[in-house]
Visitor: 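Would you mind keeping the following structure in view while I ask a few things?
Just follow the structure's listing: the first ligand is 1, and inside any ligand the first atom is 1.
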Amino acid sequence: MIDLVARQIQILRAIIEEFISTAKPVGSDTIDKKFNIGVSPATIRNEMVYLTKQGYLQKSHISAGRIPTPLALRLYVNELMKEKVIFIPHASLIEYVGLDNIEKFKVPYYGNKHILRFESDRNIERKWLKNAGLKVPKLFESAKDIDRAVIVKFHGAKGGKGYFLAKNEKDFKEKIKHHKGEKDYVMQEYIVGVPMFIHYFYSPLNDELEVMGFDKRYESNVDSLGRVSARDQIALPKVDPSYVIVGNIPIVVRESYLPRIIGMGENVIRESKKLVKGGLWGPFCLETIMTPEGDIYVFEISARIVAGTNPYIHGSPYTWLRYNEPMSTGRRIAREIKNAIKKKQLTMILG
Ligand code: ATP
């Protein structure tokens, strides 16, 4: 690997990045057009021949382009490490790369990768929340037991698509007919209240939990049904509620809830330390429903940054009071990394 000069590494890097994004063999023309290497196409071609001889590239059977070898990919990862790249996990990373691959990452990773397993398994997630003393909606094992309104949620539904409500066994059986072959779902007590997403940040550097903000999801068509009276809903061709997210609305929560909300976050952190070494740190979100009786039901936890932090690019009223400067969740993560470097405790926040 030491046999390459800077320009060859630059060309190899461009080829790898192009290959990663297109999954197709890469030709010298593409590198010349898309990347600013600063040398002639002929030089790029010659360097590609050299890189092939050295075992970093291989010829493709389907086109004139080349593809990187495992040796090249290892070099790439090492180069990223030299450049001190840190992965910041978010929902798409987990969805597209997969938990197994993330756990094998060699490039430094912000947060505790091992906690992700606990948020993605509904049963373990539920146990975690219950042990933290949080109220969770009742689960129904069998349709026979349905004695109140339930929301039927399919796994991996990506934002509530296809979910339906059922009021009893008969109603459930009627509606599940439209989801032939679907076996992976839960029947959860439907909580009537305001869906509130609580965004926290926990720093293990100073053992402090911060509230970053709150948001409410704007979901279609469930949030539009209230605009139509019950009488007129009957006139609509299709009134099945759907929970597909279309946006996020910032919220300032009633002040008297705050001590309880902070306590809930602290309990989640405490319990997470029993699940996996180091527990959960960084941004996380409790997805809740608040009822008129003042109960806060938690129906899900996301152990990483979520989209509901986006309304607060310049910070929320809560971060403003604490920092007196714009503080998005992204910036808070960057600040944490800087603080860890200053305190020589970077390994504490990389997991
Ligand atoms: P995933 O990340 O698994 O796709 P999600 O974050 O989209 O899940 P879900 O649990 O799928 O969240 O819920 C989607 C929406 O359904 C919520 O935003 C909320 O409006 C509604 N919802 C979910 N559970 C309940 C419940 N128990 N009672 C009332 N409404 C619920």
Side-chain angles (χ1 to χ4, degrees), residues 89-99 102 115-126 128-130 134-141 143 145-167 171-172 175 179 182-200 214-227 239-251 253 268 283-311:
H90 53 82
S92 311
L93 178 79
I94 297 156
E95 180 75 21
Y96 297 121
V97 177
L99 283 180
I102 290 179
I115 202 75
L116 296 176
R117 291 220 173 262
F118 294 90
E119 70 144 65
S120 58
D121 180 314
R122 274 193 177 137
N123 292 326
I124 313 178
E125 177 192 37
R126 191 174 166 83
W128 174 11
L129 298 174
K130 276 176 123 177
L134 307 185
K135 252 193 154 84
V136 293
K138 186 177 158 67
L139 271 191
F140 291 86
E141 293 294 328
D145 302 329
I146 299 175
D147 60 358
R148 63 196 83 181
V150 295
I151 177 165
V152 181
K153 303 191 205 181
F154 296 96
H155 192 64
K158 291 209 183 82
K161 202 166 183 199
Y163 290 8
F164 65 85
L165 302 190
K167 59 178 183 234
D171 192 25
F172 170 82
K175 288 175 176 162
H179 301 271
E182 289 274 15
K183 295 239 163 349
D184 197 6
Y185 57 79
V186 288
M187 292 174 278
Q188 201 175 70
E189 170 184 15
Y190 186 83
I191 310 293
V192 184
V194 173
M196 181 86 79
F197 290 62
I198 314 172
H199 306 287
Y200 297 96
F214 300 88
D215 85 290
K216 173 190 175 339
R217 284 179 172 184
Y218 211 24
E219 294 169 333
S220 193
N221 56 13
V222 76
D223 283 321
S224 29
L225 287 176
R227 293 156 57 103
V239 288
D240 287 340
S242 155
Y243 298 82
V244 177
I245 184 157
V246 289
N248 302 81
I249 306 170
I251 291 185
V253 84
V268 164
F284 69 102
C285 174
L286 288 183
E287 310 186 357
T288 75
I289 310 233
M290 296 188 172
T291 70
E293 294 75 31
D295 289 324
I296 307 178
Y297 284 86
V298 181
F299 65 87
E300 189 158 298
I301 178 168
S302 297
R304 34 141 183 109
I305 193 167
V306 296
T309 57
N310 282 340

Visitor: Counting only heavy atoms not in Lys175, do more than 12 sit closer than 6.0 Å to its NZ atom?
Guide: yes
Visitor: As an exercise, identify every atom of ligand 1 less than 4.0 angstrom from a heavy atom of Arg217.
Guide: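 Here the atoms of ligand 1 in question are 5 (P), 6 (O), 7 (O), 12 (O), 14 (C), 18 (O).
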Visitor: What do you reckon, does Gln188 have a nitrogen or oxygen under 3.5 Å from a nitrogen or oxygen of ligand 1?
Guide: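 Looking only at distances, the answer is yes, because the N/O contact criterion of under 3.5 Å is met.
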Visitor: Atoms of ligand 1 less than 4.0 Å from Glu189 heavy atoms?
Guide: 26 (C), 27 (N), 28 (N)
Visitor: Under 4.0 Å, heavy-atom basis, I'd like to know which part of Tyr297 is in contact with ligand 1: side chain, backbone, both or neither.
Guide: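 No part of Tyr297 comes within reach of ligand 1.
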Visitor: Can you name the residues that form a salt bridge (Lys or Arg N to Asp or Glu O under 4.0 Å) with Arg126, not counting sequence neighbours?
Guide: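 Counting only residues at least two positions away or on another chain, Arg126 forms no salt bridge (Lys or Arg N to Asp or Glu O under 4.0 Å).
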Visitor: Which ligand 1 atoms, with their elements, are less than 4.0 angstrom from a heavy-atom of Glu300?
Guide: 1 (P), 2 (O), 3 (O), 5 (P), 6 (O), 8 (O), 10 (O)
Visitor: According to salt bridge (Lys or Arg N to Asp or Glu O under 4.0 Å), who are the partners of Glu125, at least two apart in sequence or on a separate chain?
Guide: none
Visitor: When you compare the side chain of Pro195 with that of Arg217, does any pair of heavy atoms fall below 4.5 Å?
Guide: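 They are not in side-chain contact.
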Visitor: What atoms of ligand 1 come within less than 4.0 Å of a heavy atom belonging to Phe197?
Guide: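 Reading through ligand 1 atom by atom, the close ones are 18 (O).
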Visitor: Just heavy atoms, cut-off under 4.0 Å: does Tyr190 contact ligand 1 by side chain, backbone, both, or neither?
Guide: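 Both backbone and side chain of Tyr190 come within 4.0 Å of ligand 1.
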Visitor: Can an N or O of Ile191 be found at a distance shorter than 3.5 Å from an N or O of ligand 1?
Guide: yes
Visitor: Phe140 ring centre to Lys138 NZ or CZ under 6.0 Å, with the angle to the axis within 45°?
Guide: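 Ring-cation test returns yes.
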Visitor: Show the atoms of ligand 1 that are less than 4.0 angstrom away from any heavy atom in Glu219.
Guide: 15 (C), 17 (C), 18 (O), 19 (C), 20 (O)
Visitor: Let's go through Phe164 and His179 carefully: what are the C-alpha distance in whole Å and the side-chain angles of both, what is the deciding distance for ring-ring contact (aromatic ring centres under 6.0 Å, His included) to 0.1 Å, and is it a yes or a no?
Guide: CA-CA 10 Å; Phe164 65 85; His179 301 271; 5.4 Å; yes
Visitor: Please work out whether any backbone atom (N, CA, C, O) or any side-chain heavy atom from C-beta onward of Val192 is under 4.0 Å from ligand 1, and answer side chain, backbone, both or neither.
Guide: neither
Visitor: Would you mind telling me if ligand 1 is within reach of the side chain of Tyr218, the backbone, both or neither, using heavy atoms under 4.0 Å?
Guide: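 Contact part for Tyr218 vs ligand 1: neither.
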Visitor: Taking 4.0 angstrom as the limit and counting only heavy atoms of Ile289, give me the atoms of ligand 1 inside it, by number and element.
Guide: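 Checking each atom against Ile289, I get 28 (N), 29 (C), 30 (N), 31 (C).
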Visitor: Under 4.5 Å between any side-chain heavy atoms of Tyr190 and Val150, yes or no?
Guide: no
Visitor: Is the closest side-chain heavy-atom distance between Leu286 and Leu134 below 4.5 Å?
Guide: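 They are in contact (side-chain heavy atoms under 4.5 Å apart), so the answer is yes.
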Visitor: Considering the heavy atoms of Tyr163, write down every atom of ligand 1 situated less than 4.0 Å from one of them.
Guide: 9 (P), 11 (O), 13 (O), 14 (C)
Visitor: How close do Glu119 and Ile301 get, counting heavy atoms only, and between which atoms?
Guide: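 Closest approach of Glu119 to Ile301, heavy atoms only: CB-O, 3.8 Å.
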Visitor: Any idea which atoms of ligand 1 are less than 4.0 Å away from a heavy-atom of Glu287?
Guide: 6 (O), 12 (O)
